[in-house]
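Working notes for the structure below.
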Amino acid sequence: MDEKFLKPYDPEGTEGRIYAEWEKSGLFNPDNLPDSTKRKPFVIMMPPPNATGILHMGHALGLTIQDILIRYKRMQGFAALWLPGTDHAAIATQSKVEKQIKKDEGLSRHDLGREELLKRIDAFVAESRQTIQKQTRILGASCDWSREAFTFDEKRNKAVNTLFKKMYDAGLIYRGHRIVNWDPKGQTTISDDEIVYEERAAKLYTFRYSKNFPISIATTRPETKVGDVAVAVHPDDARYKEFVGKEYDTVFCDVPLHIKIVADKEVDPAFGTGAVGLTPAHSQIDWEIADRHLLSNKNTVINEYAKMTVAGRLADMKTTEARDIVVAWLKDEELLEKEEDTTQNIATAERTGGIIEPLPKLQWWIEVNKEIPGRGKTLKELMLEPVRSGQIKIIPEHFEKTYFNWIENLRDWCISRQIWYGHRIPVWYRGEEVVVGEAPKEEGWVQDEDSLDTWFSSGLWTFSTLGWPDATDDLARFHPTDVMIHAYEILFFWTARMILMTEFALNTVPFHTVYLTGIIRDEKGRKLSKSLGNGIDPIDIAKKFGTDAGRMALIIGNTPGTDMRMSEEKIKGYKHFANKLWNIARFVLTNAVADASVLKNGNKTWASAPERAHFSAHEHELLAELDTITSDVTKDIEEFRVYMAAEKIYHYAWHELADKIIEESKPILAGTDVSARASRAWLLLILLDRVLRLLHPFMPFITEEIYQSLPTKDAEFLMVAKWPV
RNA sequence: GCGCGGUUAGCUCAGUUGGUAGAGCGCGUCAUUGACGUUGACGAUGUCGGGGGUUCAAAUCCCUCACCGCGCACCA
């Protein structure tokens, strides 16, 4: 017996060594697997973690499920490719580095300049990527590092520029002057999906523009009323019918206004006074209504810094200050009729927390409702169809409805950002001339200043990683991929965009199954966060309890799409299980191997399966029982019930193999019947060998470590040993 | 407003096509120095959120109500 079994299992001393051996073997790369070309591919693209810091429990969960599927398929004889990478996460990364520089040096990005800031970000990202790679290894991920990718490296930039041009040429990307979500804090536009709504108390003011104005209006933002150009009422509203079409000149808080009364069915006659003051420059809906009524005046009264741009008493004030001034003015002029408490959903920017200010701006957009030339479908339809038809299956299934619901509400996607870090818009201008795709060689061309929404490049992930737009062997062999595994939080951000981009670029799906994970919460059900101080660092867990224990704790009881509570207590329980497994191995290898060797004579070796005929009827039953477990576990993994598969093997190993079979074996092994002893010894070895194989995808390290000492070892690593049938 | 999910043991949660309610932790009793620092055996606790329906049979399917959570939209 191996000396190592004399001591308790030491995950910290084992896991790093084993990972290094696996990596050195090259077997994470499917090209190096035996008979690689004859194997059917099985492919998972790792959702690239943001290069903003370190991995958290959510990453650990995702990586574990992916690794389970990859290891399982690899053992089953597939050319298992798991391609790792990181995401440059444009806004998130830039704002993080900017914040750090502001804190350390008191400098803004404008103090540093574009070039210097980008240099700083590159350095930060390089370090961050290294940290993430190291952590991914600690978590046991058997991914192919030789194919590692980054959403902002040269190859991915080529893919981004190529696709941008393709979409531009198809008329799906356009530059348009429209209301955008402007983040005054981050000084950039953001997409509708990057908005987080926060409920806050607010006041609803009801008033008239002036004494002789015939209609009262209600608003929570009186300061914007200096930008009003019209009052809209419902066409059927008897109260206001006589005013429709009339125009009025008035002065509101020192600002002259020209107001037209229009009738629009969008107006809810039951809300407020049933009349809306239209501020086209600072409200999406008002802009649309103004368009319908051919109101050309869309002057802005608020700038990018959320300050007033009008003359008079509001000049240069912050919007919040201006609001108080306007309310005071309304009171002085006796125009205020009502002041009510209300709650309101404030739009804030996901990354910076800045309060969104709708502003009209010239930006780049992807049009989702336009028919694609030659395809006869819109991008929206391209996103819907594969999920509707079942070509792409979402697990759990009920998220398909959420997905449809989101797409049906989808509007054009604003893809340009006023930040410096990220793929720069591949468009060049010279006077009135425009070139898209590649930089023109001649002098005098200036590239668009803006960069692309980070999700534009993420959307290409399943194929940009395989070499697209070049016609590579990898692309031909490994795409479409099989499964995509990520948290339900980014279903819209990412899954939908991947389907959109892949359908458009390759006319196929990016993957066949989407497995959504829930969120990992603390023992009280709160989200894990730095500010709450309730974070559980997966790397600390690996050190304290072992990666294997951490993986089991993440998997067992964790159903797809459902949040799960995590505690150190739970992880400790699976450390106990690792110890149990270790002791099972110790028992079998100490007490059984010597006896089993009785059967080893002549040329018969450990590697050749023993004759089952030696076993007693009861022992045949025990083998059959494990056959059942084997096929159940296999079916569970096939059908993505990894939580159930893990629990079944756990239960079998502890409460069948250890508690019952080993217990009943003790007297047999201590007895005098040599042949009974030998067959029982063989039985135990076979059961242990089988349990290790079944458990390997879940607890890769300890199973590999024990396997290396098994006389039944038939492959260089358990990682590439055969999955039992 | 539209949509989705949840409600099962003290706690955290499973329960795949309808077929006598499960696990882990915790709790109680007993055993155990051992393959096991981290053990075993046995045990108690459930009107499966309320009500109605379909069925020979419902935690599971249908309707309805309540509460909790989430997404989207509105937010003048």
Legend entry - Neighbours of RNA chain B within residues 257-271 of chain A, by heavy-atom distance under 4.0 Å: A:Val267, A:Asp268, A:Phe271
Legend entry - For RNA chain B, the residues among residues 396-409 of chain A that have a non-hydrogen atom under 4.0 Å from it: A:His398, A:Lys401, A:Asn405, A:Asn409
Legend entry - Heavy-atom donor-acceptor pair, A:Arg641 side-chain to B:rU16 base, under 3.5 Å: yes
Using a cut-off of 4.0 Å on non-hydrogen atoms, how would the nucleic acid contact of [X] be classed: base, sugar-phosphate, or nothing?
X	result
A:Ala202	nothing
A:Lys570	nothing
A:Gly272	nothing
A:His234	nothing
A:Thr343	nothing
A:Ile285	sugar-phosphate

Below the 4.0 Å mark, does [N] have OP1 or OP2 next to a side-chain nitrogen or oxygen of [X]?
X	N	value
A:Trp654	B:rU39	no
A:Tyr197	B:rG71	no
A:Asn579	B:rG37	yes
A:Lys580	B:rA35	no

Whole Å only: how far is the [atom1] atom of [X] from the [atom2] atom of [N]?
X	N	atom1	atom2	result
A:Asp192	B:rC74	CG	C1'	14 Å
A:Met564	B:rG24	CE	P	17 Å
A:Glu569	B:rU38	CD	C1'	12 Å

Inset, instruction - With A:Phe213 as reference, evaluate A:Phe243, A:Tyr248, A:Phe252 under the ring-ring contact (aromatic ring centres under 6.0 Å, His included) test and give the passing residue. - result: A:Tyr248
Legend entry - Heavy atoms from other residues, nucleotides or ligands near NZ of A:Lys572 exceed 12 (cutoff 6.0 Å): no
Legend entry - Backbone of A:Ile520 reached by a side-chain donor or acceptor of A:Asp563 within 3.5 Å: no
Legend entry - Residue whose nearest RNA chain B nucleotide is more 5′ - A:Ile584 or A:Val276: A:Ile584
Legend entry - Nearest-nucleotide 5' precedence on RNA chain B, A:Asn583 against A:Arg565: A:Arg565
Inset, instruction - Dot-bracket notation for RNA chain B is requested: 5' to 3', Watson-Crick or G-U wobble pairs only, both distances under 3.5 Å, with ( ), [ ], | and . as defined. - result: (((((((..((((.....[..)))).(((((.......))))).....(((((..]....))))))))))))....
